[in-house]
Amino acid sequence: MPLLPPQPLHDWHLTPGEAVALQKRLAPRVERSDRIAPVRHIAGVDIGFEDSGATTRAAAVVLKWREAGPPFEVIEQVVYREPTRMPYIPGLLSFRETPAALGACARLETTPELVMVDGQGLAHPRRLGVASHLGLWLDVPTVGVAKSRLCGRHAEVGETRGDSVWLEDKGERIGTVLRSRTRVKPLYVSPGHRISQAAALEWVKRCLYRTKLPEPTRQADRLASRRDGPGRR
DNA sequence: GCGACAG
DNA sequence: ATCTTGTCGC
């Protein structure tokens with residue numbers, strides 16, 4: 001999918017303090033309501049590492065959306081590598097993963113109407129998780145699907161598949177804690193960009209098939225973390 | 001000052 | 001995230 005013309009949405013040589021300042025400037029640009037075109041394709045994005053972390057491997061997959069529900073047909077798969085440029089710092093994940101993620105997305109021929117990202121969206125201390133940051137950059141609707149909590153509080157979630165509770169922080173709802181599989185650790189779903197809380201949750205539910213992760217993220221996950229080196233596609 | 005802390 | 005064996009489920 002095409003990348004937007006270069007914009008001051010990201011910088012690769014920032015100190016932690018500068019990165020935090022940038023997040024505060026970008027957060028207000030995140031759109032929290034639905035501005036989504038009819039969904040035909042949904043992409044999944046995830047990052048993995050090789051060479052003890054020296055190489056970052058980004059994976060992007062595109063699935064054809066079917067009203068009939070999953071399993072969806074995978075129509076594109078891309079793996080893109082580049083040297084790792086920043087360490088992992090809680091709250092600054094997007095600065096470590098977004099560069100490679102953009103590289104993978106730029107190599108997709110299809111432009112999806114929705115992108116699911118492994119990580120938080122709004123459910124971030126400054127409301128700019130990796131899903132939001134990537135969404136801003138690509139100017140495409142995104143939803144964050146994380147496997148654990150970064151911030152916020154929530155009541156206990158029911159143990160049955162489909163049960164969910166709000167994730168809140170500082171008096172506002174920042175996401176949803178969703179039990180995607182009975183008796184399995186819940187998912188933390190939050191809007192990335194151009195999507196509402198309700199729609200973000202619904203799309204994740206609609207993409208659940210038989211595993212803990214929704215299909216877009218699951219497919220990207222397996223590509224990004226394969227221990228042997230998948231070339232491309 | 002003491003924890004918590006996406007991937 | 002990654003390092004790891006066997007094991008349970010579809």
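Lettering follows sequence order; numbering is per chain, from 1.
- Shown for residues 164-177 of chain A: no residue has heavy atoms falling under 4.0 angstrom of DNA chain B.
- Across the protein-nucleic acid pair, A:Arg181 atom CZ and C:dG9 atom P stand 13 Å apart, rounded to whole Å.
- In summary, of the residues considered (A:Thr110, A:Leu138, A:Val62), a side chain to side chain contact (heavy atoms under 4.5 Å, CB included) with A:Met1 occurs for A:Leu138 alone.
- For A:Ala224 and A:Arg210, each mapped to the nucleotide of DNA chain C holding its nearest heavy atom, the one lying further toward the 5' end belongs to A:Ala224.
- Judged purely by distance below 3.5 Å, without hydrogens or angles, the side chains of A:Thr56 and A:Thr84 pair a donor atom with an acceptor atom.
- Annotation for A:Glu156: atom CD does not count as buried by contact number, only 12 or fewer foreign heavy atoms lying within 6.0 Å.
- Here A:Arg29 does not pair with A:Asp139 in a salt bridge; the nearest charged N to carboxylate O distance is not below 4.0 Å.
- Of the N and O atoms on the side chains of A:Thr217 and A:Asp118, not one donor lies less than 3.5 Å from an acceptor on the other residue.
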Give the intermediate values and the outcome of salt bridge (charged side-chain N to carboxylate O under 4.0 Å, His left out) for residues A:Asp46 and A:Arg222. CA-CA 9 Å; A:Asp46 190 28; A:Arg222 49 183 307 176; over 6 Å; no

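- Remark: DNA chain C forms no stem of 3 or more consecutive Watson-Crick or G-U wobble pairs with all pair distances under 3.5 Å.
- Rounded to an integer number of Å, the gap from OH of A:Tyr209 to C1' of C:dG9 is 14 Å.
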Base contacts versus sugar-phosphate-only contacts with protein, heavy atoms under 4.0 Å: please encode nucleotides 2-7 of chain B as B, S and - from 5' to 3'. --SBBB

Applying side chain to side chain contact (heavy atoms under 4.5 Å, CB included), run through A:Glu76 and A:Glu109 and close with a yes or a no. CA-CA 8 Å; A:Glu76 264 199 87; A:Glu109 293 180 8; 3.7 Å; yes

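- Summarising the local packing, CZ of A:Arg173 is surrounded by more than 12 heavy atoms from other residues, nucleotides or ligands at distances under 6.0 Å.
- Atom CZ of A:Arg66 has more than 12 heavy atoms from other residues, nucleotides or ligands within 6.0 Å.
- Going from atom CZ of A:Arg57 over to atom C1' of C:dT2 covers 11 Å, rounded to whole Å.
- Using the six-membered ring where Trp is involved, A:Phe95 and A:His133 have ring planes that are perpendicular, over 60° apart on the 30 and 60° scheme.
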